[in-house]
Amino acid sequence: MGGSASLPSVKEKDLSLFVGTWNLGNQPPANMDWIPIHEKHDIYVIGVQEAAFSKEGNEIDLHMHRLLERMFEPDYVCLGYESLTPRTDHTFKQVGEFKDAVKKGTAKASGIRIVAFIRRSLAGRDHSVHVQTYIQTCGRLQGASGNKGAVAIMIHIDGVTLSFVNNHLNAHMEQLPRRIEDYQVISRRLHYSHDTFGDEKLKMAEQDDPEYAVEVMNKSDVVFWFGDINMRLQPLEDLDKRSEMHDIVSALVRERKFSELVAFDQLKKQQKKGLVLGGFSEGKLDFVPSFKFNKPEGVASGIEEVRDNPDFYANQKSQHDELNYSKKRVPSYCDRILWKSTEGVSVTCKHYTSGKFLQASDHLPVFGTYKLKMRMIKMKRQSSQPVEGFLKLHLTNIALDTHGSSSLLNSDEHMDAPVSITIFHKNAKEVIVLPAQSDRDRAWIGDYMLESSVSIPEAMKHPVLFLVRDYTKSEEDDYEAKFFGEGMLSLLNLTSRSISINLYQGGKPQGVLTADVLFSVAI
């Protein structure tokens, strides 16, 4: 790196992480004892679905907070808690009617929630921690209802961005196309939670404001996608042969031949096609399918029964040991945890399994523990030497390769599309827009420079974003038809080098952007 200014200290650090998901079956849990708080991980992220066990969202939130705070205090701090836009029932027939009810607080509570806790020492003055929350609905009434969709928490810690997306996709084996659509909608349109129905995001994204236009997953160093993804084990093509499929799967479960079940998994097949969670990794499926069990007896009639009784379900006979799956559904790995990371961050799955006690749900909780190794800015205030100057980034030999991806640029209709690339940094003095290139071997040979307008440590907290677009599309064209991929470059590694950035759009791989990058300091 050129220049003589003193740079902030960047160190490689390990973080331990717990991620857990549980579909509650709209029954109040008496405890969350499946969460291994004794393991003392640095960060815990928990997502639940079908948590609408009361008409009042405040009652649900209060009950969940009590259960979790009982476990995590005083060693941990709650970083964020979010629930999805309220859901609908048959009361509402029109979108406008439902939206009015949401604003008035009279719509029923949604069941999709996410919460994150961090070790108190990591939230102190020696660290920079910032949190944002996001939502996206995929439910009834043109997608306005929150009975399906996702909630997400983005955690910025010492220059690294970790995003966690808890989702609940459409149910039933035959609804695979709708699940694929749900995934793409969530990936593309996840928006700030204060923007209830995403109107602000759409408005700002149409103006190509990168803060809104770039998908959450495409501006994160690490993304965990988890929840009730609802993908099914389908050993036979004929969907009418549910009984035969149930027998096939149940026999393999009893024999603990879990590796053979993977061949039937809808999710693994869609990953190979690049349609759902392409580029994501998952721990080994070496446990029983988490759905659908016969519900245990003794279900609570309301929150009051379990509020002060963490042992409410203790006398139930565990049906997990009997593998007592319902005949109504083929046993499946509906509840999953997957991740992807960018250059400079490695994720190791240490443990991936399901819980062993049902309480009132027909799902088992599923959880994983992970080791994250990544570069982080040392934020101690007693810096021995102030950091002066401004960061310069030079990009040369930029090339776009979409071969082998699901990019529309590979289709006859878009193969010669005049594609441009916007290069953006939150604190740069200006935005770079590369000239449109319609040659099928798209390359930009010039020297393109970004210069920060803030101190180097502040600039390093945010990534450089790359937006591949066709800006010739008119306002009459489909808004999303002009998007051909997004990616990011972390500034926690200021070594001049050749880079390769994976591009995604709508949650699907779109190709690779390569370039040579040179960093320098302007004094």
Side-chain angles (χ1 to χ4, degrees), residues 1-17 40-43 75-77 79 116-132 154-163 219-223 339 341-348 370-395 423-429 449-465 487-501 515-523:
M1 173 161 176
S4 58
S6 172
L7 294 176
S9 174
V10 176
K11 60 180 180 179
E12 196 168 80
K13 185 177 177 64
D14 293 346
L15 285 181
S16 63
L17 169 70
K40 300 295 182 184
H41 296 285
D42 294 314
I43 298 174
D75 297 331
Y76 290 83
V77 176
L79 279 179
F117 289 87
I118 189 170
R119 190 190 295 274
R120 189 172 292 275
S121 59
L122 287 173
R125 58 181 295 176
D126 291 338
H127 297 275
S128 172
V129 180
H130 176 61
V131 174
Q132 294 163 305
M154 179 184 282
I155 303 171
H156 308 269
I157 176 168
D158 294 352
V160 177
T161 301
L162 314 175
S163 290
K219 53 185 176 182
S220 303
D221 294 283
V222 183
V223 178
W339 76 89
S341 60
T342 60
E343 177 199 39
V345 181
S346 69
V347 179
T348 303
Y370 306 87
K371 176 183 176 181
L372 277 57
K373 183 181 288 291
M374 51 201 175
R375 290 170 174 258
M376 302 177 77
I377 302 174
K378 192 175 182 179
M379 291 292 182
K380 284 188 178 294
R381 295 188 177 186
Q382 54 269 29
S383 177
S384 59
Q385 185 177 357
V387 179
E388 300 176 349
F390 300 93
L391 186 64
K392 282 186 174 182
L393 178 151
H394 297 262
L395 289 161
I423 305 173
F424 168 86
H425 185 274
K426 183 174 183 178
N427 302 122
K429 292 181 178 179
M449 186 190 74
L450 282 177
E451 182 176 350
S452 69
S453 59
V454 297
S455 67
I456 294 176
E458 188 63 29
M460 291 173 66
K461 291 180 182 179
H462 305 282
V464 176
L465 301 176
M488 60 163 279
L489 173 66
S490 170
L491 294 183
L492 295 184
N493 179 2
L494 297 183
T495 304
S496 297
R497 63 196 189 277
S498 296
I499 58 173
S500 179
I501 298 170
D516 295 326
V517 60
L518 171 68
F519 295 99
S520 63
V521 174
I523 305 299

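Counting begins at 1 with the first residue of the sequence. Just so it is clear, the structure is predicted and the values come from calculations on it, not from any experiment.
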Pair E458, K426 - check salt bridge (charged side-chain N to carboxylate O under 4.0 Å, His left out), show working. CA-CA 10 Å; E458 188 63 29; K426 183 174 183 178; over 6 Å; no

Answer yes or no: is there a side-chain heavy-atom contact under 4.5 Å between [X] and [Y]?
X    : Y    : result
L491 : I456 : no
K11  : R375 : no
L393 : V517 : yes
D158 : S128 : yes
L450 : L395 : no
T342 : M488 : yes
M154 : K219 : yes
M460 : I377 : yes

[X] to [Y] - nearest heavy-atom pair and separation:
X    : Y    : value
S341 : V222 : CB-CG2, 4.1 Å
V347 : W339 : CB-NE1, 3.3 Å
A123 : V129 : CA-CG2, 4.4 Å
E343 : L489 : OE1-CD1, 4.0 Å

H156 and H130 aromatic ring geometry - parallel, tilted or perpendicular at 30°/60° bounds: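 Parallel, since the angle between the ring planes stays under 30°.
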
[X] side, atom [atom1]; [Y] side, atom [atom2] - distance, nearest 0.5 Å:
X    : Y    : atom1 : atom2 : value
E451 : K392 : CD    : NZ    : 5.0 Å
Q132 : S163 : CD    : OG    : 8.5 Å
L372 : M374 : CG    : CE    : 5.0 Å
I118 : D42  : CD1   : CG    : 7.5 Å
L15  : I43  : CG    : CD1   : 5.5 Å

Checking H394 now: which residues fulfil ring-ring contact (aromatic ring centres under 6.0 Å, His included) with it, not counting sequence neighbours?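 So H394 forms no ring-ring contact (aromatic ring centres under 6.0 Å, His included) with any residue.
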
Apply salt bridge (charged side-chain N to carboxylate O under 4.0 Å, His left out) to residues R120 and D75 and explain how you reach the verdict. CA-CA 6 Å; R120 189 172 292 275; D75 297 331; over 6 Å; no

Hey, does the side chain of [X] reach the backbone of [Y] with a donor-acceptor pair shorter than 3.5 angstrom?
X    : Y    : result
D221 : T161 : yes
S453 : N427 : yes
R119 : K40  : yes
S452 : L391 : yes
H425 : A459 : yes

Between K429 and F390, is NZ or CZ placed under 6.0 angstrom from the six-membered ring centre and within 45° of the ring axis?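 Verdict for F390: a cation-pi partner in K429.
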
